[in-house]
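Note that this is a predicted model, so its numbers are computed, not measured.
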Protein chains: 2
Amino acid sequence: MRADARRNLGKIVEAAAEIVAERGVNAPMELIAKRAGVGVGTLYRRFPDRDTLIAAVGDHYVHTMADALNDAAAGSGSAWDAIRDFVSWVAAPGRAALSTALAVLPEEVLVNRTEFARVRTSWVEQFDALVRRAQAEGSMRPDVGVEDLIHLLTVFTCHPDQLPAPVAADPGRYLSLMLDGMTSGAATPLDGSGA
Amino acid sequence: MRADARRNLGKIVEAAAEIVAERGVNAPMELIAKRAGVGVGTLYRRFPDRDTLIAAVGDHYVHTMADALNDAAAGSGSAWDAIRDFVSWVAAPGRAALSTALAVLPEEVLVNRTEFARVRTSWVEQFDALVRRAQAEGSMRPDVGVEDLIHLLTVFTCHPDQLPAPVAADPGRYLSLMLDGMTSGAATPLDGSGA
DNA sequence: ACACAACCGGAATCCGAGATTCCACTTAAC
DNA sequence: GTTAAGTGGAATCTCGGATTCCGGTTGTGT
C-alpha cells in the first residue's frame, strides 16, 4: 500500500467518526468523503460498503473509550470521583459522541468483529468494577448499575439534532444532575445559573 | 361541513399526534393517513401542507399538557409531590410523547398560532410557580429551574428511535433518577432491579 | 325514494436525496 | 522514466415519500 493511501485511510476513519457522531450511522457517504478531503471513489475503494466503514469506526471508538476509562480509574481519587471524571470527559464539548449512533447498530455489523467485541466487553467490565467499588465505598446508591450509567451517557452525548438544543448545549449540566441522582448522599451544586 | 368529514378531521389530528410522537415532525404523510384510517387525499384536503397539520397537533398537545398539570397541581400533596405526579404522568407508557418532536419545530410554524403560544406560556408559568413552591418548601434544590425540568422531560419522553432501547423501554426509571438529582435531600429507591 | 354536492380512497406521477459506478487523470515508488 | 497504485468527482441509478387527480361513495335536504 502506498504511503498516501495509508494516510487517506486514516483520514477517512477519523472523518467518519466525526460525521457519524453528528449525523448517525446513516449519514451520507459523500459527507464523510468531503470531511476527509477525499473523493467518494476513494472512500468506496477502501470500504466497499457502509458496514465495513462503520465497523472500523466502532473499533476506533471503543479504544478511545477504554483508554479514557483507564486514565480516570488510574487517578488517585475515590471510585466515585473516577466515575465523575470519566463521565465529564465523555461529555466534554467537541468530543465525538458516537455512542448513540453506534448503539442502534444492528448486531450483524459487529458480528465477527472480535476485536471490537473484546475491547468493549473489557471496557464494560472495568466500568462495572468501578461502579461496584463506588457502591462499596457508600458513595453510590446500590439500586443503579453500570448499564444505567452507560445508557445515560449515551443519551446525553448523542448529537445535537436528537436533543433539545439547551440540553445539547450543556450536556454536562444534565449529566451532573443525573449523577447527583445516583449518589447516596446530598446533591452537589451545578455549573450553570439554574434556569 | 358534513358530519363524517368532521369526524375524520378529529381522527386525523389524533393519528398525527401519535405518528409525530413516534417518528418525528417529518413522518410520512401516508402513515398518518393510514393510522387515521383515511386516504391521503382526505388528509391533504383538510391540511393543505404539513405545517398546518403540525400546528393542529401542537394545539392539541399543549392543551393536554396544561390539563394534566392542572390536575397534578390540584392534588392535595406538596408542590414536590405534584411535580412528581405530573412527571410520571407524562412518562406513562403509551402516552404520546410529542415534546421532542415539537421542540425541534422551526419557529415559523407556530408564529401566528396565538392559541398555541398562549396556552403554552401559561402552562410554563404554572409549572414554574409549582417549582418555586417546591423550592420554598425546601424539597427541591434551588439551582435548577422549570426549564431544566422541561428539557429533561423532553429528552426522556422522546420516541424510542431516538433513544437507546433500554431508556425508551423505561423512561420512568430515568426520570425518577433525575428527580432524585433535583431533591435537596436523599435519593428514593428506583422501580427496577438496577442493572 | 331521489338528486346532488360534499367526500372519499388510493393509484399514478413527480421529485430530490443519496448510493454506487466508472474512467481519465495523478503521483509515489523503484 | 515507467508504471501500477491511487485519485476525484461527474454521471447514473434507486427509492422513499410528497402531491395530485378523479371515478366511485355517501350524507343530506326535499
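In the model, B:D49 has a side-chain atom that pairs as donor or acceptor with a side-chain atom of B:T52 under 3.5 Å.
As rounded to whole Å, 22 Å separates atom P of C:dT13 from atom CE of B:M29. Per the geometry, CD1 belonging to B:I32 stands 15 Å off P belonging to C:dG9, to the nearest Å. The separation between A:E30 atom CD and D:dC13 atom P is 17 Å, rounded to whole Å. Separating the CD1 atom of B:I19 from the P atom of D:dG17 is a distance of 12 Å, rounded to the nearest angstrom. Going from atom CZ of B:R6 over to atom P of C:dC7 covers 10 Å, rounded to whole Å. When rounded to the nearest whole Å, the span between CG of A:L31 and P of D:dG9 equals 15 Å. Atom CZ of B:R2 is separated from atom C1' of D:dT26 by 5 Å (rounded to the nearest Å). If you measure from atom CG of B:D49 to atom C1' of D:dG17, you get 16 Å, rounded to the nearest angstrom.
Residues from residues 37-45 of chain A lying near DNA chain D, meaning a heavy-atom separation below 4.0 Å, are A:G37, A:V38, A:G39, A:V40, A:G41, A:T42, A:R45 in numerical order.
Ranking D:dG17, C:dC7, C:dA28 by closeness to the A:D4 side chain, first place goes to C:dA28. Listed nucleotides D:dT7, D:dT26, C:dA19 differ in distance to A:A5; the shortest reach to its side chain belongs to D:dT7.
For the pair B:L69 and B:W89, the minimum side-chain heavy-atom distance is 4.5 Å or more.
We find that A:K11 and A:E14 are not joined by a salt bridge, their nearest charged nitrogen and carboxylate oxygen being 4.0 Å or further apart. Residues B:D180 and B:R84 are paired through a salt bridge, judged by an N-O separation under 4.0 Å between the basic side chain and the carboxylate. Look at B:R35 and B:E22 and you find a salt bridge, because one of the NZ, NE, NH1 or NH2 atoms lies within 4.0 Å of a carboxylate O, short of that distance.
Shown here are the side-chain contact (heavy atoms from CB on, under 4.5 Å) partners of A:N70, two or more places apart in sequence or in another chain: A:Q126.
B:A36 comes within 4.0 angstrom of no nucleic acid atom, judged by non-hydrogen atoms across all strands.
Note on A:N8: every side-chain N or O is 4.0 Å or more away from OP1 and OP2 of D:dG6.
Aromatic ring centroids of B:F116 and B:Y61 lie 6.0 Å or more apart.
Mapping B:P48 and A:R46 onto DNA chain D via the closest heavy atom, the residue that lands nearer the 5' end is A:R46.
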